[in-house]
Amino acid sequence: MADLIPFHDRDGFIWMDGALVPWRNANVHILTHGLHYASSVFEGERAYDGEIFKLTEHSERLIASARILDFTIPYTVAEIDQACRDVVAANKLSDCYVRPVAWRGSEQMGVSAQNSKIHLAVAAWDWGSYFPMEQRLKGIRITNAVYRRPDPACAPSRAKAAGLYMICTLEKHRAERMGYSDALMLDWKGRVAECTGANIFFVKDGVIHTPTADCFLNGITRRTVIELAKKRGIQVIERDIMPDELASFSECFITGTAAEVTPVSEIGEHKYKPAKVTETLLNDYMELVKPKKRVAAE
Ligand code: PMP
């Protein structure tokens, strides 16, 4: 895979604490609170033809995630938006992934870090190709996760916080070792929740069913796809979905900035056939993310 160049061994520019710095100089000290205690929040964004999709919503969510972790990012939404655009431009990227991250610095080492500096950085890298439609519509295979999304009383589940990804990495690795692409996580109550980096949707008799996002990330893609479905007159029901219902659905797909709309062919013993609803929403989403200027030029 071309992607195997380590991330620390690349050239380009990363925006860090207010300025673009050479990629290799964008470093932190080993005694960084964010590294030891997961006081870190981040975003995952995607640019299509140089334009970041739903950029402001991502910047707003980053600030909100930090607030949930009890720190304030010292930049406004507009400044973060601009930093993201500057990084895409400075690296001459067109179709790429954008990663803002904010964290507590290295002034204090210990659980308490009231006076640590809050840092913000934005990196971006090429992320162009997605599979051709026929290949995508075959769907990915998902296994069942062991860890569950935590009770909101036990973790700041509405934040896109680094610490919440500990169990996601464990489950993604376990799934990959078994030859699957991802893992379906239940929540603390045993309800179907989401995958390790994407939300999940099901179809039955032309109606979409998706878990209520009450203890996991209510993804920006999730909300976009719900809007797209409603525009098409497809009914969307957000509700509790128990695992014993998985056999009753005909289609399944996952959504996320990286996943976009990815059809699913299998969850454990259950098989799905990506069909009309999945294909329609996949096409509608890919049409929507295209920058307007390119659509107008076509
Ligand atoms: N859930 C998790 C755990 C994620 O990491 C992501 C990706 N950010 C999502 C859902 C989907 O969120 P979004 O559509 O905002 O990318």
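Order of listing sets the numbers, starting from 1, for every ligand and every atom in it. This structure is a prediction, so every number in the text was calculated from the model and none was measured.
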Could you grab the distance from atom OG of Ser94 to atom CD of Glu51, nearest 0.5 Å is fine?
-> 10.5 Å
Which ILVMFWY residues are connected to Ile140, directly or by a chain of links, through side-chain heavy atoms under 4.5 Å apart?
-> Ile142, Leu184, Leu186, Val192, Ile200, Phe202, Ile241, Leu246, Phe249, Ile254, Val264, Ile267, Tyr272
NZ/NE/NH1/NH2 to OD/OE distance under 4.0 Å, Asp9 and Arg24 | yes
Joining Ile, Leu, Val, Met, Phe, Trp and Tyr whenever any side-chain heavy atoms lie under 4.5 Å apart, the cluster holding Met178 also takes in Tyr180
Which N/O atoms of ligand 1 sit under 3.5 Å from a protein N/O, and at what distances?
residue	atom	partner	partner atom	Å
ligand 1	1 (N)	Glu194	OE1	2.6
ligand 1	5 (O)	Lys160	NZ	3.4
ligand 1	5 (O)	Tyr165	OH	2.4
ligand 1	8 (N)	Lys160	NZ	2.8
ligand 1	14 (O)	Ile220	N	3.3
ligand 1	14 (O)	Thr221	N	2.9
ligand 1	14 (O)	Thr221	OG1	2.6
ligand 1	15 (O)	Arg61	NH1	2.8
ligand 1	15 (O)	Arg61	NH2	3.0
ligand 1	15 (O)	Ile220	N	2.8
ligand 1	16 (O)	Thr257	N	2.9
ligand 1	16 (O)	Thr257	OG1	2.6

Sequence neighbours excluded, every pair satisfying side-chain hydrogen bond (donor to acceptor under 3.5 Å, both in side chains) that has a member inside residues 157-176 | Lys160-Tyr165, Glu171-Arg174
Greater than 12 external heavy atoms within 6.0 Å of Lys204's NZ = yes
